[in-house]
Number of protein chains: 2
Amino acid sequence: MKSELDIFREFLKKKGMRYTPEREIIIKEIFSIHDHFDVDSLYISMRKKEARVSKASIYRLIPLLIEANLIEEVFFDRGQMYYEHIYGHEHHCHLRCVNCKQILEFNDPRLKEIERDLADKFNYKILRHKLEVMGLCQKCQDEQE
Amino acid sequence: MKSELDIFREFLKKKGMRYTPEREIIIKEIFSIHDHFDVDSLYISMRKKEARVSKASIYRLIPLLIEANLIEEVFFDRGQMYYEHIYGHEHHCHLRCVNCKQILEFNDPRLKEIERDLADKFNYKILRHKLEVMGLCQKCQDEQE
DNA sequence: GGCTTATTGACAATGAATAACAATCTCTGT
DNA sequence: ACAGAGATTGTTATTCATTGTCAATAAGCC
């Protein structure tokens with residue numbers, strides 16, 4: 001399987017854009033985090049590692065990585081967007097506790113079925129879906145009593 | 001069926017909060033719009049009708065309406081959040097064309113099943129879900145050839 | 001190596017959303 | 001109906017994620 005960097009290199013080539021060390025270290029950082037991330041925490045963790053890039057460069061890179069299907073917006077919370085990398089990972093959805101903010105991942109084959117039915121019914125070519133389920137985890141249910 | 005205002009009145013009572021004319025006209029405006037809305041366009045359409053409230057009051061009301069299960073965040077796009085009212089409306093999800101931004105609504109009973117299974121599997125009390133399906137509508141598919 | 005031009009970092013700017021605060025209004029108890 | 005407590009309002013200032021600007025730099029092609 002091609003590496004994320006190779007995928008992105010090809011993507012840049014096709015668009016007449018350049019492969020720079022800044023883009024490389026940001027991508028390496030993103031793909032070393034196996035969790036959701038936001039721009040600010042990414043920036044901070046890179047600074048700690050002496051991997052210095054400006055925050056602007058991160059903001060500029062993100063739409064490109066999305067277009068290249070390497071990362072995806074996951075959800076927007078408390079004024080900022082969270083992302084996760086999707087290349088090389090099985091697609092999954094998120095179950096979130098609205099109280100303690102715990103996030104669980106799950107997948108369900110019925111979503112593929114729903115996609116197929118929507119494609120038929122509305123003549124759409126389905127590209128992807130995003131399902132967020134909000135609820136209360138066991139612990140937070142208990143505490144509310 | 002109770003009106004949105006009655007529901008909200010009870011909600012405020014239970015929380016020891018007050019029912020004000022500002023809150024009333026904002027709610028009336030929201031429930032007269034049968035579509036997605038954002039704070040800014042709501043504010044503008046209210047100004048046109050001489051229904052003057054400050055934008056701050058709208059921002060302050062929205063989390064309360066969400067808590068009262070009258071409205072819901074639908075999606076975040078171009079830096080702002082979009083909402084729709086849900087009380088008195090059957091729950092539905094959104095199918096969006098990524099190219100022309102058309103939005104279709106649909107519902108699928110399998111989502112309820114998925115919710116039930118998640119509740120069992122993870123001991124969650126499910127409150128709601130949000131499914132966005134992204135794709136290309138027929139027209140945009142044709143144009144891409 | 002040299003040239004073109006995309007990209008970078010630093011800084012300023014934008015804009016949605018939130019906070020502060022004094023003036024006002026709701027609601028409860030009398 | 002009245003008064004007092006305290007919630008809510010509009011105004012204004014502030015926050016903070018994200019985007020724009022621009023001169024300096026560097027990638028990629030010859």
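Worth knowing before you read on, the calculation uses all heavy atoms, side chains too, and leaves out hydrogens, waters and symmetry mates. Quick note on labels: first sequence line is chain A, next is B, and so on, each numbered from 1. Predicted model only: the values in this text are computed from it and were never measured.
Residue contacts for B:Lys13: at a heavy-atom cut-off of 4.0 Å it reaches the sugar-phosphate backbone alone, with no base atom in range. Counting non-hydrogen atoms under 4.0 angstrom, A:Pro21 reaches the backbone sugars and phosphates but no base.
For B:Tyr19 and C:dT24, the OH to P distance is 23 Å, given to the nearest whole Å. Rounded to whole Å, atom P of D:dT9 lies 17 Å from atom CZ of B:Arg52. A:Arg78 places its CZ atom 13 Å from the P atom of C:dA19, with the value rounded to the nearest Å. When the C1' atom of D:dT9 is taken as reference, atom CE of B:Met46 falls 13 Å away, rounded to whole Å. When the C1' atom of C:dG9 is taken as reference, atom CZ of A:Arg47 falls 12 Å away, rounded to whole Å. Taking atom OH of A:Tyr83 as the reference point, atom C1' of D:dT18 lies 9 Å away to the nearest angstrom. When the C1' atom of C:dA6 is taken as reference, atom CG of A:Leu61 falls 14 Å away, rounded to whole Å.
A side-chain N or O of A:His92 and one of A:Glu84 form a donor-acceptor pair less than 3.5 Å apart. Side chain to side chain, A:Glu73 and A:Tyr82 fail the donor-acceptor criterion of an N or O pair below 3.5 Å.
In terms of position on DNA chain D, the residue among B:Lys55 and B:Leu12 whose nearest nucleotide sits closer to the 5' end is B:Leu12. Place B:Pro63 and A:Val53 on DNA chain C by their nearest nucleotides, and A:Val53 ends up nearer the 5' end. Both B:Ala56 and A:Met17 lie close to DNA chain C; mapped to their nearest nucleotides by heavy-atom distance, the more 5′-ward contact belongs to A:Met17.
At least one side-chain nitrogen or oxygen of A:Ser57 sits closer than 4.0 Å to the OP1 or OP2 atom of C:dG9. Remark: B:Arg23 is in phosphate contact with D:dT9, judged by side-chain N or O atoms under 4.0 Å from OP1 or OP2. Taking 4.0 angstrom as the limit, B:Tyr59 places none of its side-chain polar atoms (N or O) nearer than this to OP1 or OP2 of C:dT18. Dashed line: the shortest gap from a side-chain N or O of A:Thr20 to OP1 or OP2 of C:dA6 is not under 4.0 Å.
With hydrogens and angles ignored, the 3.5 Å screen pairs a side-chain donor or acceptor of B:Arg23 with a backbone N or O of B:Arg18.
With C:dA17, C:dT8, C:dT26 as the candidates, the nucleotide lying closest to the side chain of B:Arg18 is C:dT26. Of all nucleotides listed (D:dA7, C:dA17, C:dT8), C:dA17 comes nearest to the side chain of B:Gln80.
A donor-acceptor contact under 3.5 Å is formed by the side chain of B:Arg60 with the base of D:dG10.
Considering only heavy atoms from C-beta on, B:Cys93 stays 4.5 Å or farther from B:Val133 through its side chain.
Between A:His91 and A:His129, the ring planes lie perpendicular to each other; the angle is over 60°, past the 30° to 60° tilted range.
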